[in-house]
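The chain is numbered in sequence order, starting from 1. Computation of the quantities below employed the complete heavy-atom set of this structure, encompassing side-chain atoms and omitting hydrogens, waters and symmetry-equivalent molecules. Since the model is a prediction, treat every value here as computed from it, not as a measurement.
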Amino acid sequence: MEECRLFARKNMDGVVRISTNGSIHLGGLRDISEGGLAVTTATPYEVGYEMLVSIELPAAPETVTALAEVVWVDPLEAAFHPTGMGLKFLALKEEDYYKLEKILEVV
């Protein structure tokens, strides 16, 4: 099956804070684009679930925050292997969009 991506992904390391229902879970950033990101996490959510994410990158001084929706989930492959989740950005404040653009230009 051919992929139909609107935005090119950039592989990147970073920390993703996932905020849902008053709790925060940490994940690892795998890749990111203008349209969303892939995260590794010990706490996966179901496809369609919406959450607030804060993305912290070592190369960027500022955090990018966005409302995102789970669009795919990769199940656990082994006992200690984190689950992969694909998130689509639903809403970014204008300032966060510009931060994201700058990050994607640099990398």
Worksheet item: Taking C-beta and beyond as the side chain, do Tyr45 and Met85 meet within less than 4.5 Å on heavy atoms?
Response: yes

Worksheet item: Where is the tightest heavy-atom contact between Val64 and Leu100, given as atom of each residue plus distance?
Response: CG2-N, 4.0 Å

Worksheet item: Taking the side chain as C-beta and beyond, is there a heavy-atom pair between Leu104 and Ile32 under 4.5 Å?
Response: yes

Practice prompt. Flag the pair Thr43 / Ile18 as yes when at least one side-chain heavy-atom distance between them is below 4.5 Å, and no otherwise.
Written response: no

Discussion item. Do Glu34 and Phe89 have side chains that approach each other closer than 4.5 Å (heavy atoms only, starting at C-beta)?
Written reply: no

Discussion item. I'd like to check Lys88 versus Trp72 (side-chain heavy atoms, cut-off strictly below 4.5 Å). Are they in contact?
Written reply: no

Worksheet item: Say you draw a straight line from CD of Glu62 to CD of Glu95; how long is it, rounded to the nearest 0.5 Å?
Response: 8.5 Å

Practice prompt. Look at the side-chain heavy atoms of Ile, Leu, Val, Met, Phe, Trp and Tyr, link any pair under 4.5 Å apart, and say whether Met51 and Val47 land in one connected group.
Written response: yes

Practice prompt. Working to the nearest 0.5 Å, report the span between OG1 of Thr20 and CG of Leu52.
Written response: 10.0 Å

Practice prompt. May I ask you to test the Leu90-Glu50 pair for a side-chain heavy-atom distance under 4.5 Å?
Written response: yes

Fill in: NZ/NE/NH1/NH2 to OD/OE distance under 4.0 Å, Lys93 and Asp96
no

Worksheet item: Less than 4.5 Å apart, any side-chain heavy atom of Leu57 and any of Met12?
Response: yes

Worksheet entry | side-chain contact (heavy atoms from CB on, under 4.5 Å), paired with Leu29, selected from Thr40, Val16, Asn11, Val15 | Val16

Worksheet entry | Option from Leu87, Val70, Val53, Asp31 for which side-chain contact (heavy atoms from CB on, under 4.5 Å) with Val39 holds | Leu87

